[in-house]
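Every heavy atom of this structure was used, including side-chain atoms; hydrogens, water molecules and symmetry mates were not. Positions are given from 1 along the sequence.
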Amino acid sequence: MPPKTKEKRRKTGAQKKKKNSGADVEAEAKHRLVLLEKELLQDHLAIWRDEARRAKASEDQLKQRLQGLAAELEGAQSEGKAIFAEMSRQRQALQEEMEAHNKQLEEEVRLLREQLETCQTEAEASRKEAEQALGERDQTLAQLQAHVRDMEAKYEEILDGSLDLLLAKMRAIKPQWDEAALRLHARHKELLHQFGLNPLDL
(Lines give C-alpha, C1' and ligand atoms only; values in the text may rest on other atoms or scores of the structure.)
Protein backbone atom coordinates (compact mmCIF):
# COMPACT_ATOMS: atom_id res chain seq x y z
CA MET A 1 0.00 0.00 0.00
CA PRO A 2 2.69 2.57 0.71
CA PRO A 3 4.27 2.27 -2.70
CA LYS A 4 1.02 3.13 -4.24
CA THR A 5 0.96 6.25 -2.12
CA LYS A 6 4.36 7.33 -3.41
CA GLU A 7 3.31 6.76 -6.95
CA LYS A 8 0.28 8.81 -6.34
CA ARG A 9 2.39 11.57 -4.92
CA ARG A 10 4.71 11.40 -7.90
CA LYS A 11 1.85 11.56 -10.28
CA THR A 12 0.33 14.46 -8.42
CA GLY A 13 3.69 16.35 -8.44
CA ALA A 14 4.16 15.66 -12.14
CA GLN A 15 0.74 16.86 -12.78
CA LYS A 16 1.38 19.96 -10.69
CA LYS A 17 4.60 20.63 -12.65
CA LYS A 18 2.80 20.14 -15.91
CA LYS A 19 0.09 22.46 -14.72
CA ASN A 20 2.63 25.04 -13.58
CA SER A 21 4.51 24.78 -16.87
CA GLY A 22 1.31 25.25 -18.87
CA ALA A 23 0.39 28.25 -16.76
CA ASP A 24 3.78 29.81 -17.29
CA VAL A 25 3.56 29.30 -21.02
CA GLU A 26 0.09 30.76 -21.02
CA ALA A 27 1.20 33.67 -18.86
CA GLU A 28 4.19 34.31 -21.09
CA ALA A 29 1.99 34.12 -24.15
CA LYS A 30 -0.39 36.56 -22.54
CA HIS A 31 2.53 38.80 -21.62
CA ARG A 32 3.86 38.67 -25.18
CA LEU A 33 0.38 39.31 -26.48
CA VAL A 34 0.07 42.31 -24.15
CA LEU A 35 3.49 43.57 -25.26
CA LEU A 36 2.51 43.08 -28.89
CA GLU A 37 -0.78 44.87 -28.35
CA LYS A 38 1.12 47.63 -26.54
CA GLU A 39 3.56 47.96 -29.43
CA LEU A 40 0.69 47.93 -31.89
CA LEU A 41 -1.11 50.54 -29.83
CA GLN A 42 2.06 52.62 -29.65
CA ASP A 43 2.52 52.26 -33.40
CA HIS A 44 -1.07 53.17 -33.96
CA LEU A 45 -0.74 56.06 -31.53
CA ALA A 46 2.38 57.27 -33.34
CA ILE A 47 0.55 56.94 -36.67
CA TRP A 48 -2.44 58.74 -35.21
CA ARG A 49 -0.17 61.46 -33.84
CA ASP A 50 1.52 61.88 -37.24
CA GLU A 51 -1.84 61.94 -38.92
CA ALA A 52 -3.06 64.39 -36.28
CA ARG A 53 0.00 66.60 -36.86
CA ARG A 54 -0.52 66.41 -40.60
CA ALA A 55 -4.22 67.09 -40.14
CA LYS A 56 -3.37 69.99 -37.84
CA ALA A 57 -0.87 71.30 -40.38
CA SER A 58 -3.43 70.84 -43.14
CA GLU A 59 -6.03 72.52 -40.94
CA ASP A 60 -3.65 75.44 -40.32
CA GLN A 61 -2.93 75.70 -44.02
CA LEU A 62 -6.64 75.57 -44.77
CA LYS A 63 -7.28 78.20 -42.11
CA GLN A 64 -4.58 80.41 -43.62
CA ARG A 65 -5.98 79.77 -47.07
CA LEU A 66 -9.46 80.49 -45.81
CA GLN A 67 -8.23 83.65 -44.12
CA GLY A 68 -6.52 84.68 -47.37
CA LEU A 69 -9.63 83.88 -49.33
CA ALA A 70 -11.73 85.74 -46.77
CA ALA A 71 -9.40 88.73 -47.06
CA GLU A 72 -9.54 88.54 -50.84
CA LEU A 73 -13.31 88.17 -50.67
CA GLU A 74 -13.57 91.12 -48.30
CA GLY A 75 -11.31 93.13 -50.59
CA ALA A 76 -13.34 92.09 -53.60
CA GLN A 77 -16.54 92.94 -51.73
CA SER A 78 -15.09 96.30 -50.70
CA GLU A 79 -13.96 96.93 -54.26
CA GLY A 80 -17.33 95.73 -55.53
CA LYS A 81 -19.09 98.01 -53.06
CA ALA A 82 -16.89 100.90 -54.15
CA ILE A 83 -17.54 100.13 -57.84
CA PHE A 84 -21.27 99.75 -57.14
CA ALA A 85 -21.28 103.01 -55.17
CA GLU A 86 -19.43 104.80 -57.99
CA MET A 87 -21.76 103.30 -60.59
CA SER A 88 -24.75 104.28 -58.47
CA ARG A 89 -23.35 107.80 -58.12
CA GLN A 90 -22.72 108.07 -61.85
CA ARG A 91 -26.17 106.63 -62.61
CA GLN A 92 -27.74 109.09 -60.20
CA ALA A 93 -25.77 111.96 -61.70
CA LEU A 94 -26.69 110.84 -65.22
CA GLN A 95 -30.33 110.46 -64.21
CA GLU A 96 -30.33 113.93 -62.64
CA GLU A 97 -28.64 115.34 -65.73
CA MET A 98 -31.18 113.63 -67.98
CA GLU A 99 -34.06 114.88 -65.84
CA ALA A 100 -32.65 118.42 -65.93
CA HIS A 101 -32.15 118.15 -69.69
CA ASN A 102 -35.68 116.80 -70.12
CA LYS A 103 -37.08 119.63 -68.01
CA GLN A 104 -35.10 122.11 -70.09
CA LEU A 105 -36.40 120.55 -73.31
CA GLU A 106 -39.95 120.53 -71.96
CA GLU A 107 -39.60 124.20 -71.01
CA GLU A 108 -38.19 125.03 -74.44
CA VAL A 109 -41.03 123.10 -76.10
CA ARG A 110 -43.56 124.92 -73.93
CA LEU A 111 -42.04 128.30 -74.81
CA LEU A 112 -41.91 127.39 -78.50
CA ARG A 113 -45.56 126.31 -78.38
CA GLU A 114 -46.47 129.57 -76.69
CA GLN A 115 -44.48 131.50 -79.29
CA LEU A 116 -46.12 129.48 -82.07
CA GLU A 117 -49.57 130.14 -80.65
CA THR A 118 -48.71 133.83 -80.29
CA CYS A 119 -47.37 133.95 -83.85
CA GLN A 120 -50.46 132.13 -85.13
CA THR A 121 -52.71 134.52 -83.22
CA GLU A 122 -50.76 137.52 -84.47
CA ALA A 123 -50.75 136.11 -88.01
CA GLU A 124 -54.50 135.55 -87.86
CA ALA A 125 -55.00 139.06 -86.50
CA SER A 126 -52.66 140.46 -89.17
CA ARG A 127 -54.53 138.51 -91.84
CA LYS A 128 -57.85 139.85 -90.60
CA GLU A 129 -56.41 143.35 -90.39
CA ALA A 130 -54.96 142.98 -93.88
CA GLU A 131 -58.28 141.72 -95.21
CA GLN A 132 -60.05 144.54 -93.45
CA ALA A 133 -57.49 147.05 -94.72
CA LEU A 134 -57.80 145.67 -98.24
CA GLY A 135 -61.57 145.86 -97.99
CA GLU A 136 -61.39 149.38 -96.66
CA ARG A 137 -58.85 150.27 -99.37
CA ASP A 138 -61.03 148.81 -102.07
CA GLN A 139 -64.04 150.62 -100.65
CA THR A 140 -62.07 153.87 -100.33
CA LEU A 141 -60.65 153.42 -103.83
CA ALA A 142 -64.11 152.84 -105.20
CA GLN A 143 -65.37 155.90 -103.35
CA LEU A 144 -62.40 157.94 -104.61
CA GLN A 145 -62.91 156.73 -108.16
CA ALA A 146 -66.58 157.62 -107.95
CA HIS A 147 -65.68 160.99 -106.44
CA VAL A 148 -63.08 161.57 -109.15
CA ARG A 149 -65.58 160.68 -111.83
CA ASP A 150 -68.09 162.98 -110.23
CA MET A 151 -65.51 165.75 -109.92
CA GLU A 152 -64.38 165.20 -113.51
CA ALA A 153 -67.95 165.50 -114.65
CA LYS A 154 -68.46 168.60 -112.55
CA TYR A 155 -65.14 170.12 -113.68
CA GLU A 156 -66.01 169.32 -117.25
CA GLU A 157 -69.37 170.94 -116.75
CA ILE A 158 -67.80 173.93 -115.03
CA LEU A 159 -65.07 174.15 -117.66
CA ASP A 160 -67.58 173.96 -120.46
CA GLY A 161 -69.67 176.62 -118.79
CA SER A 162 -66.66 178.81 -118.12
CA LEU A 163 -65.45 178.44 -121.70
CA ASP A 164 -68.87 179.22 -123.01
CA LEU A 165 -69.07 182.22 -120.69
CA LEU A 166 -65.56 183.30 -121.65
CA LEU A 167 -66.36 183.01 -125.34
CA ALA A 168 -69.53 184.90 -124.85
CA LYS A 169 -67.72 187.62 -122.98
CA MET A 170 -64.97 187.67 -125.60
CA ARG A 171 -67.53 187.96 -128.33
CA ALA A 172 -69.20 190.68 -126.36
CA ILE A 173 -66.04 192.73 -125.80
CA LYS A 174 -64.36 191.93 -129.14
CA PRO A 175 -65.70 195.06 -130.82
CA GLN A 176 -64.36 197.12 -127.95
CA TRP A 177 -60.97 195.38 -128.25
CA ASP A 178 -60.94 195.93 -131.97
CA GLU A 179 -61.76 199.63 -131.51
CA ALA A 180 -59.12 199.99 -128.85
CA ALA A 181 -56.61 198.20 -131.03
CA LEU A 182 -57.36 200.53 -133.91
CA ARG A 183 -57.00 203.59 -131.71
CA LEU A 184 -53.75 202.22 -130.33
CA HIS A 185 -52.49 201.50 -133.82
CA ALA A 186 -53.37 204.94 -135.00
CA ARG A 187 -51.71 206.47 -132.00
CA HIS A 188 -48.53 204.54 -132.77
CA LYS A 189 -48.56 205.67 -136.38
CA GLU A 190 -49.03 209.23 -135.28
CA LEU A 191 -46.16 208.98 -132.91
CA LEU A 192 -43.96 207.45 -135.57
CA HIS A 193 -44.83 210.26 -138.02
CA GLN A 194 -44.00 212.80 -135.35
CA PHE A 195 -40.57 211.25 -135.11
CA GLY A 196 -40.25 211.20 -138.90
CA LEU A 197 -40.54 207.46 -139.19
CA ASN A 198 -42.47 205.52 -141.69
CA PRO A 199 -44.42 202.65 -140.09
CA LEU A 200 -44.05 200.64 -143.26
CA ASP A 201 -40.23 200.76 -142.90
CA LEU A 202 -40.36 199.18 -139.57
Near Glu114 CD, under 6.0 Å, is it more than 12 heavy atoms from other residues, nucleotides or ligands?
-> yes
Output all residues satisfying side-chain contact (heavy atoms from CB on, under 4.5 Å) with Lys56, sequence neighbours left out; order by chain, then residue number.
-> Glu59, Asp60
So the salt bridge (Lys or Arg N to Asp or Glu O under 4.0 Å) pairs with at least one residue in residues 84-95 (sequence neighbours excluded) are Glu86-Arg89
Report the C-alpha distance between Gln143 and His147 in whole Å, list the side-chain angles of each, state the deciding distance to 0.1 Å, and finish with yes or no for side-chain contact (heavy atoms from CB on, under 4.5 Å).
-> CA-CA 6 Å; Gln143 291 175 355; His147 185 63; over 6 Å; no
For His44, all residues meeting ring pair (Phe, Tyr, Trp, His ring centres under 6.0 Å), sequence neighbours excluded = Trp48
Inter-residue atom distance Lys154.NZ - Met151.CE, 0.5 Å rounding = 8.5 Å
For residues 95-107, pull every pair meeting salt bridge (Lys or Arg N to Asp or Glu O under 4.0 Å), keeping only residues two or more places apart or in separate chains.
-> Glu107-Arg110
What distance separates Glu122 CD from Gln115 CD, expressed to the nearest 0.5 Å?
-> 10.5 Å
Would you mind telling me which of Asp160, Ile158, Asp164 makes a side chain to side chain contact (heavy atoms under 4.5 Å, CB included) with Ser162?
-> Ile158
Might you work through the side-chain contact (heavy atoms from CB on, under 4.5 Å) test for Leu134 and Arg137, ending with a clear yes or no?
-> CA-CA 5 Å; Leu134 288 173; Arg137 186 203 65 179; 3.8 Å; yes
Is any side-chain heavy atom of Leu116 closer than 4.5 Å to a side-chain heavy atom of Leu112?
-> no
Do other residues, nucleotides or ligands put more than 12 heavy atoms under 6.0 Å from the CD atom of Glu74?
-> no
Rounded to the nearest 0.5 Å, the CD atom of Gln132 sits from the CD atom of Gln139 at a distance of 10.5 Å
Got a donor-acceptor contact below 3.5 angstrom from the Asp150 side chain to the Ala146 backbone?
-> no
What is the distance from atom NZ of Lys38 to atom CG of Leu33, rounded to the nearest 0.5 Å?
-> 14.0 Å
Is Glu124 salt-bridged to Arg127, cutoff N-O under 4.0 Å?
-> yes
Charged N-O contact under 4.0 Å between Arg183 and Glu179 | yes
Other hydrophobic cluster members with Leu40, side-chain heavy atoms of Ile/Leu/Val/Met/Phe/Trp/Tyr under 4.5 Å, chained?
-> Leu36
State the NZ-OG distance between Lys128 and Ser126, to the nearest 0.5 angstrom.
-> 11.5 Å
Roughly how far, to the nearest 0.5 Å, is CD of Gln61 from CD of Gln64?
-> 7.0 Å
Among all residues two or more places apart in sequence or in another chain, which pass the side chain to side chain donor-acceptor pair (under 3.5 Å) test with Glu156?
-> none
